[in-house]
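Here the structure is laid out as structure tokens; the discussion comes afterwards.
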Amino acid sequence: MCGITGIVQLNGQNASLELLQKLTKCISHRGPDDEGFKQLGVAALGHRRLSIIDLSGGAQPLCNEDETVWIAFNGEIYNFPELRDELESKGHRFRTHSDTEAIVHAYEEWGELCPQKLRGMFAFAIYDLKTQALFLARDRLGKKPLLYAQTNNSFVFASEFQSLLAHPDISREINFAALDLYLSNLCVPAPYSIYQNIHKLPPAHTLTLQNGEIKLRRYWSLDEHFSPSRKLIISEAEAIEELQRRLEECVRVRLMSEVPLGAFLSGGIDSSAVVAMMARLSNRPVKTFSIGFEESDYSETPHARRLAERYGCDHHEIIVRADAQAILPTLVRHYGEPYADSSAVPSFYVAQETRKHVTVALNGDGGDETFAGYERYRALQVTESFPAPARVLGAIAGKMLPGGLNFRSRAVRAKKMLQAMALPAPRRYLHWQSAFNEEQKAALYNPSFAVMVQGYEEQAQRANRWAPEFVAHNPVETYLAQALERGYNIVDACQYSDINAYLPDDLLVKVDITTMANSLEARSPLLDHTLMEWAATLPQNLKLNGSTGKYILRRAIADMVPPENMERPKMGFGVPVGKWLRGEMKPLFCDTVLSERALNRGYFRPDTLRALAQEHFDERAEHGPRLWTLLMLELWHQEFVGD
């Protein structure tokens, strides 16, 4: 796992090696073991290395035999031994044992189609001296990040914002359409960024820069696998047997490492399945790491401990306290744009502790998206079965219910569900996931700021002129609507939306940034694209069966995981931000979000903002997630933009 940077001069001048070194130094945390640079005339590639495979021979940038194709690569290619054999049979000669070199020769053999041959997580840049072309690629699910920007004289790319923003010609001008998306989604979805001139290469896309022209191309999608015409005719017993085989294989290939390896363990179904399979495949105790809170309602440590004891794991527990605010500046700096998923706090702490013992950690990410585990899938399925008049009455009833104080309570979740009953399914799904829904944003925005956001579609399309296929509407809503138009059942449509939006824009960003900030590599067996392709073709009843989510995964691991872990209610990775913001973090919120400095920015109505905060402080309502979203926005603003 590594960090990459690069510059291509568009004015014919040689790329500055000194500037490249400056950009690369900004991401030294992604690769503390080594650094490398290559000046190639108008182009230059930079690399920071976290050594995992071929410790002595995998230095980058790396080239082909005649030194005409150069690569800077971040990630792991799990099928590189098989790929190497295939390429050697075609006459390619290898000088190292690294997976990086397999990509170089794959590019020589298959050109821009080479990402289709790769199984793993990756973001890489190839510069081809013969064609004078830069080729960028990002993995199918978006596990590894890749950002780019174009100035008047150069094209610049990097793994993180910190690096790009160190370039003197890259503007920090805010994209207000992206800010509006952030307040709904807790993050800024690709291909947008909070900066007008910085873009995210979307998952499963390549970018080619040649003769000053940029071309984006999508090389993979789950569309055809979710298609009703592709649904498998398979018995439950057959599906269980096949899933067990696939799960074991997905874990096995991710145990490849020349450095110490362990696993994150929450005690939930997904991480328990991964750790149980690791224990089966390993000849030594698996090192496991879990995190908890002083607030017992949020702590999963007893469940993790139970699973660890069953398999004799070398288990470590970390307890997070309310002084977590101490790491907020660190998180803000590493994310580089507003990011409000509060589970980044425990994720950072568990990664920090894990890195003291291992360099690679497997996790259970992707189980909910791959096997339909979220409660909201069932909620949308149920509400869609109601006739329209009943949904309208439900929405009216929802507005009349009291808000409650515990946002995790059934009463509060029911209120939120009912409030959106009258909305079309795609908008209803977005409403349930949003920090601020459209009505709340309209009440919060200053009139002048609302005018700036009104140019939503035009502004977003202009900012992403190289990706016109990405509409300017909220992607959560857009992808679900597209899926329903294609005839997907409602559960598959929810999965499709989450795999294309929530997963890559929120969850995988969280994992990459928090682990790489601590120089730790994270691997996700349940996000293996071959497993996801197969799971997409399963009948709905094998994923969401009645009210039971992840049905087939539960059945497949029933003998491997303690019954108490299987039967307990889903907790997620929640953080007690509501309590924190009424207590230890209240002064921080007031000194930042409610400061004159922040209010004078003109984004929000001061009276509305103060009233929202006071309702929360006085325990008249639970606004913790919304206030956290505003706090992270202001902390980012102060760090990266100023007044």
Side-chain angles (χ1 to χ4, degrees), residues 2-21 23-24 34-49 53-54 56-75 77 80 83-118 120 122-138 146 148 150 154-159 201 205-217 219:
C2 307
I4 63 175
T5 59
I7 302 171
V8 177
Q9 287 298 115
L10 304 176
N11 55 8
Q13 297 180 355
N14 285 341
S16 168
L17 192 59
E18 181 181 358
L19 178 56
L20 179 74
Q21 291 170 336
L23 304 189
T24 308
D34 196 9
E35 65 178 4
F37 311 97
K38 186 62 181 179
Q39 213 281 343
L40 300 162
V42 298
L45 301 179
H47 187 264
R48 293 292 314 199
R49 187 183 186 199
I53 296 172
D54 193 10
S56 61
Q60 297 184 45
L62 185 148
C63 64
N64 64 341
E65 300 96 324
D66 62 7
E67 299 190 358
T68 58
V69 176
W70 288 83
I71 187 172
F73 163 58
N74 169 30
I77 306 303
F80 88 89
L83 193 56
R84 177 183 178 124
D85 290 344
E86 181 179 359
L87 288 163
E88 285 181 329
S89 71
K90 294 178 180 293
H92 295 272
R93 300 192 309 275
F94 283 72
R95 291 179 291 184
T96 74
H97 297 286
S98 72
D99 53 349
T100 308
E101 192 175 5
I103 305 175
V104 174
H105 295 300
Y107 173 80
E108 288 185 291
E109 186 67 30
W110 296 294
E112 295 184 2
L113 299 179
C114 68
Q116 297 177 359
K117 304 288 287 188
L118 307 179
F122 53 85
F124 64 81
I126 288 177
Y127 193 73
D128 189 331
L129 285 166
K130 291 180 180 177
T131 61
Q132 295 290 294
L134 175 72
F135 179 66
L136 306 181
R138 192 173 177 208
L146 194 51
Y148 64 94
Q150 183 175 328
S154 58
F155 179 93
V156 190
F157 66 87
S159 296
L201 183 64
H205 275 70
T206 63
L207 181 152
T208 302
L209 171 67
Q210 190 173 30
N211 299 322
E213 296 292 322
I214 290 175
K215 178 183 69 175
L216 263 71
R217 174 180 173 274
Y219 66 87

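This chain uses plain numbering: 1 for the first residue, then up along the sequence.
Taken from CD in Glu86 to NE2 in His92, the straight-line distance is 9.5 Å, to the nearest 0.5 Å. The distance from atom NE2 of His205 to atom CG of Leu146, rounded to the nearest 0.5 Å, is 12.5 Å. Annotation: the span from Leu20 atom CG to Phe37 atom CZ amounts to 6.0 Å, rounded to 0.5 Å. Expressed to the nearest 0.5 Å, how far CG of Leu136 lies from CG of Leu209 amounts to 8.0 Å. In this structure, the separation between CD1 on Ile103 and CD1 on Ile126 is 7.0 Å, given to the nearest 0.5 Å.
Listed here is the closest heavy atom pair of Leu134 and Ala125: CD1-CB, 4.4 Å. Nearest heavy-atom pair across Arg93 and Glu65 is N-OE2, 3.0 Å. Of all the heavy atoms in Leu23 and Val156, the pair that sits closest is CD1-CG1, 3.8 Å. Residue Gln210 comes nearest to Thr131 through the heavy atom pair NE2-O, 2.9 Å, listed as atom of the first residue, atom of the second, then distance. Smallest separation of non-hydrogen atoms from Ala15 and Ala43: CB-C, 3.8 Å. For the pair Thr206 and Ala137, the tightest heavy-atom approach, listed with the atom from each and the gap, is CG2-CB, 3.9 Å.
A donor-acceptor pair is defined here as one N or O able to donate and one able to accept, closer than 3.5 Å; no such pair exists between the side chain of His105 and the backbone of Arg84. Formation of a donor-acceptor pair under 3.5 Å by the Asn64 side chain with backbone atoms of Val69 is found in this model. For the pair Asn74 (side chain) and Ile4 (backbone), a donor-acceptor distance under 3.5 Å is absent. Of the possible donor and acceptor atoms, none in the side chain of Glu101 sits under 3.5 Å from a partner among the backbone N and O of Leu62. A donor-acceptor pair is defined here as one N or O able to donate and one able to accept, closer than 3.5 Å; no such pair exists between the side chain of Arg138 and the backbone of Leu207. Gln132 places no side-chain N or O within donor-acceptor distance of the main-chain N or O of Asn211, the cut-off being under 3.5 Å.
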Checking side chain to side chain contact (heavy atoms under 4.5 Å, CB included) for the pair His97/Phe94: CA distance, chi angles, key distance, verdict? CA-CA 8 Å; His97 297 286; Phe94 283 72; over 6 Å; no

Between Arg95 and Cys63, does the side chain to side chain contact (heavy atoms under 4.5 Å, CB included) criterion hold? Intermediate values first, please. CA-CA 10 Å; Arg95 291 179 291 184; Cys63 64; 3.3 Å; yes

Could you go through the side chain to side chain donor-acceptor pair (under 3.5 Å) check for Gln60 and Thr100 one step at a time? CA-CA 8 Å; Gln60 297 184 45; Thr100 308; 3.2 Å; yes

With salt bridge (Lys or Arg N to Asp or Glu O under 4.0 Å) as the test, would you mind laying out the steps for Glu109 and Lys117 before giving the verdict? CA-CA 11 Å; Glu109 186 67 30; Lys117 304 288 287 188; over 6 Å; no

Worked verdict on Lys38 versus Ile71 for side chain to side chain contact (heavy atoms under 4.5 Å, CB included): CA-CA 10 Å; Lys38 186 62 181 179; Ile71 187 172; over 6 Å; no

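Taking the six-membered ring where the residue is Trp, Phe135 and Phe124 present tilted rings, their angle falling between 30° and 60°. Between Phe155 and Tyr148, the two ring planes are parallel [angle under 30°; tilted spans 30° to 60°].
No side-chain heavy atom of Thr24 sits less than 4.5 Å from a side-chain heavy atom of Gln21. Side-chain contact between Leu87 and Trp110: present, with at least one pair of heavy atoms (C-beta onward) separated by less than 4.5 Å. Inter-residue side-chain proximity for Ser154 and Gln9 is flagged as met; some heavy-atom pair is nearer than 4.5 Å.
Side chains of Glu112 and Thr208: a donor on one and an acceptor on the other come within 3.5 Å.
Applying the side chain to side chain contact (heavy atoms under 4.5 Å, CB included) rule to Asp85 yields the partners Glu88; only residues at least two apart in sequence or on another chain are considered.
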